[in-house]
Amino acid sequence: MKGIEERLAALNPRQREAVTAPDGPLLVTAGAGSGKTAVLVNRIAWLIGVKSVPANRIIAVTFTNKAAREMKRRVQEILQAEEANPVVGTFHGLCNQFLRTRHQAAGLNRYFSIMDQDDQKSFISNLMKEHNLRYTELTPSIVQSYINKRKESKKRAGESEVYSGRSELLEDLYEIYERECEEQGLVDFAELILRTVEVMEHNAEVREQIQQRILHVLIDEFQDTNELQYQWMEMFGGWRRNISAVGDEDQSIYSWRGALSGNLKRFERQYDDALVVRLEQNYRSTKPILDAANALIKQNTNRFEKKLWTGKSGGSRIKYMSARDSNEEAEFIVDQIRTFSDSGRSLSEFAVLYRTNAQSRNFEEAFGAEGIPFRVYGGVRFYQRKEVKEILNFLRLVANPNTNDAALLRTINCPPRGIGEVAKRSIAEMAADRKISYWEATCALADTGRRWVKVRPFVDLINHLQSLSATRSLGKLMELTIELSGLREHYEQHTDPTEQNRVVNLEELINAAAGFEQSQESVGSADILDRYLDSVVLDPGDTHDDDPEEKVQMMTLHTAKGLEFPIVFLTGLDETILPHFHSIGSWRSSTFRKSMEQEEMQEERRLCYVGMTRAKEILFFTRANRRMLRGQWENFHQSRFVQEVPRDLIELVSSTEVPEPTVTHDAGHVDWLGKSVSHRKFGGGVVTDVEANVGILYLTIDFETVGTKVILSEFVSIDS
DNA sequence: AACCCCGAACTTTTT
DNA sequence: GTTCGGGGTT
């Protein structure tokens, strides 16, 4: 632990103060690139190396798996395997571990399985069907977001303060949902944390055991915590009060998931003896980039003004490319990367960032055509693909046939083997009658003679796979499942490329499983299938984490938070992409639209800010006039965020004309207000409000049939 | 009772 | 561009 002294010397005085803070609450608020994570990492190393705190009594939490891995890596680098490692993970990952070892105390099925967002939605959808709620005004999405919101605020069904009309129905559904999850051993993301907090709250034995063991709790990205996570912090760290929290309100980009950036202030208020350290020196970016980012984020109201500065001089302005279409946008990026890499830049120094995963497609195609290696994080999620889900359902059944009735129903006729609705209904009825699992019912049916002769092979298949799972490696088991289930053959029979591609994905899945097994070597092979099934839900991002190679990095702005790159392409700077149209309001129609809209717009701005501040040396803005959207070309306009960056910090490299800053109120105002207009899809209506931004007119229109919506002026015509 | 085809509807971000 | 569901066909 000799290195620690040198490390401390390399920090600035503020950082050192935070790293070596005495026991007790610590709050670090820090701008982008000011070394937040470095503070956390060094503090952990300092606690272990200098204060002799046993590593396994320190627990550090982050939000993304990527960030957790990075933190683990950096801590290990300092400790150099001299010591045991601290516990580092995401809230969800840590809570899962907690519940797996204490399923009994938590009142959970020994083999509970975790539902991802998609699983949860289809589960809710099925519940609604069963209870004949298909055709109410509620959609599965609405119910899902209601349930998640309630859980994130630590509320169970029935613990409602508002109870009327529609919310009564929602509460009822929440209650049904809870009961069904309980019965089927299903747990959603929010439940992992909620259940953990409840166990800590109600079970004194567990609570004391944990509170005795944990000496220090450290939390990164504190602005992204929600109510539930705040409570988690109190349960795990509140008793000793050795809590270190690190955050930046300007980088709060998860309020849609219930995050309360106000938790920073709440922490300061609640732990009023906390040592508060503010870091304002940026070590990452050049001055023009930082100035531009600061100018942008200044447009947000109600923020605590920070003066983020850098000692670096020089650096080039933001390079702005406004392309004719999305193809040209991608080609431009390819060209630039070619040029830079010819002059000696490594491909891994480039990052292409975008607002939505769908945007990656353009870049993937262009990069693929040009033979430039790239790596997409997240992407059109591999584990969400139909064929992948199908195989995973098989494995869930193999791991543990008696839970997860849903998996059985989805698997039993996949690929089609002549088992239909009638058989499924019989299984469900028998299971309900005899109070047995769907699997047991299926086995019983298979034994009852000719009528269910088609069920037999399925039961044999699962039993066979189960016996294989005891002796084979995970990769091999995956391969065998793909073969023996007949799924590979099923997809190979199809001739069209989409189906053929599914075969490729199945191969990829074998690699992913083998890769996971390798990464888990140190943990041992017991329960490897269980752990794999957890990881595909909790950490589906990095299937092949084996390449720190020469590849361009591509990811969403959300995933990019906390990372840095020498050269960044911030793409899709178009109205309705960044900011996203959801934050502009064309889909919303209620009276509190305005305030919501403002909140969401500010979050989009923070997202843009996060993207800009990822860049160390060179930052590109790119956009396109036309983009292919669900199969057809649509027009786009320059994002308002481009206008919010001072003109002299931008260098044009565009092929199309770039609008100069325009007046915020347009002459169009007079022409539109009060006019009767028609829209291709929404029909006739009256314009009740007009807003202009960068020469684009946003009309608030009161439609005769569909209520009030905000529409871009170009999509409607004035009735004559 | 299962399969097939066609039209409709849906697309933020992550654990 | 994709997936889902309805309705007609085998």
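Letters go in sequence order (proteins before strands), and every chain restarts at 1.
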Whole-Å distance between [N] [atom2] and [X] [atom1]?
X        : N      : atom1 : atom2 : value
A/Leu629 : C/dT2  : CG    : P     : 14 Å
A/Lys151 : B/dT14 : NZ    : C1'   : 17 Å
A/Gln359 : C/dG1  : CD    : C1'   : 16 Å
A/Glu221 : B/dT14 : CD    : P     : 14 Å
A/Lys121 : B/dT14 : NZ    : P     : 15 Å
A/Trp232 : B/dT15 : CH2   : P     : 17 Å
A/Met555 : B/dT14 : CE    : C1'   : 14 Å
A/Tyr254 : B/dT15 : OH    : C1'   : 9 Å

Could you go through nucleotides 1-4 of chain B and list every protein N or O atom that sits under 3.5 Å from one of its N or O atoms, giving the distance for each pair?
| residue | atom | partner | partner atom | Å |
| --- | --- | --- | --- | --- |
| B/dA2 | OP1 | A/Gly420 | N | 2.2 |
| B/dA2 | OP2 | A/Glu421 | N | 2.9 |

>> Does A/Gln117 reach a base, just sugar-phosphate, or nothing at all? Heavy atoms under 4.0 Å.
In response: base
>> Over all strands shown, is A/Phe91 touching base, sugar-phosphate only, or nothing at heavy-atom distances under 4.0 angstrom?
In response: nothing
> So, is A/Asn357 close to the B/dT14 phosphate, meaning a side-chain N or O under 4.0 Å from OP1 or OP2?
Replying inline: yes
>> Is the phosphate of B/dT13 approached by A/Thr559 (side-chain N or O, under 4.0 Å from OP1 or OP2)?
In response: no
> In terms of side-chain heavy atoms of A/Arg361, which of B/dT14, C/dT2, B/dT15 is nearest?
Replying inline: C/dT2
>> Going by ring pair (Phe, Tyr, Trp, His ring centres under 6.0 Å), name the residues that satisfy it together with A/Phe565, two or more places apart in sequence or in a different chain.
In response: none
> Excluding sequence neighbours, so at least two apart, what forms ring pair (Phe, Tyr, Trp, His ring centres under 6.0 Å) with A/Tyr532?
Replying inline: A/Phe516
>> Holding to side chain to side chain donor-acceptor pair (under 3.5 Å), I want the full list of residues that pass it with A/Glu603, two or more places apart in sequence or in another chain.
In response: A/Ser255, A/Arg606
>> My understanding is that only residues two or more places apart in sequence, or in another chain, count here; which of them pass side-chain contact (heavy atoms from CB on, under 4.5 Å) with A/Ala441?
In response: A/Ile427, A/Met430, A/Ala431, A/Ile436
> With A/Leu260, which residues qualify under side-chain contact (heavy atoms from CB on, under 4.5 Å), at least two apart?
Replying inline: A/Glu227, A/Asn263
> Between A/Thr556 and A/Ser141, which has a closest nucleotide on DNA chain B that is more 5'?
Replying inline: A/Ser141
> A/Tyr609 and A/Gln299: side-chain donor and acceptor closer than 3.5 Å?
Replying inline: no
> Pick from A/Asn96, A/Thr62, A/Thr64, A/Val61: which one makes a side-chain contact (heavy atoms from CB on, under 4.5 Å) with A/Thr90?
Replying inline: A/Thr62
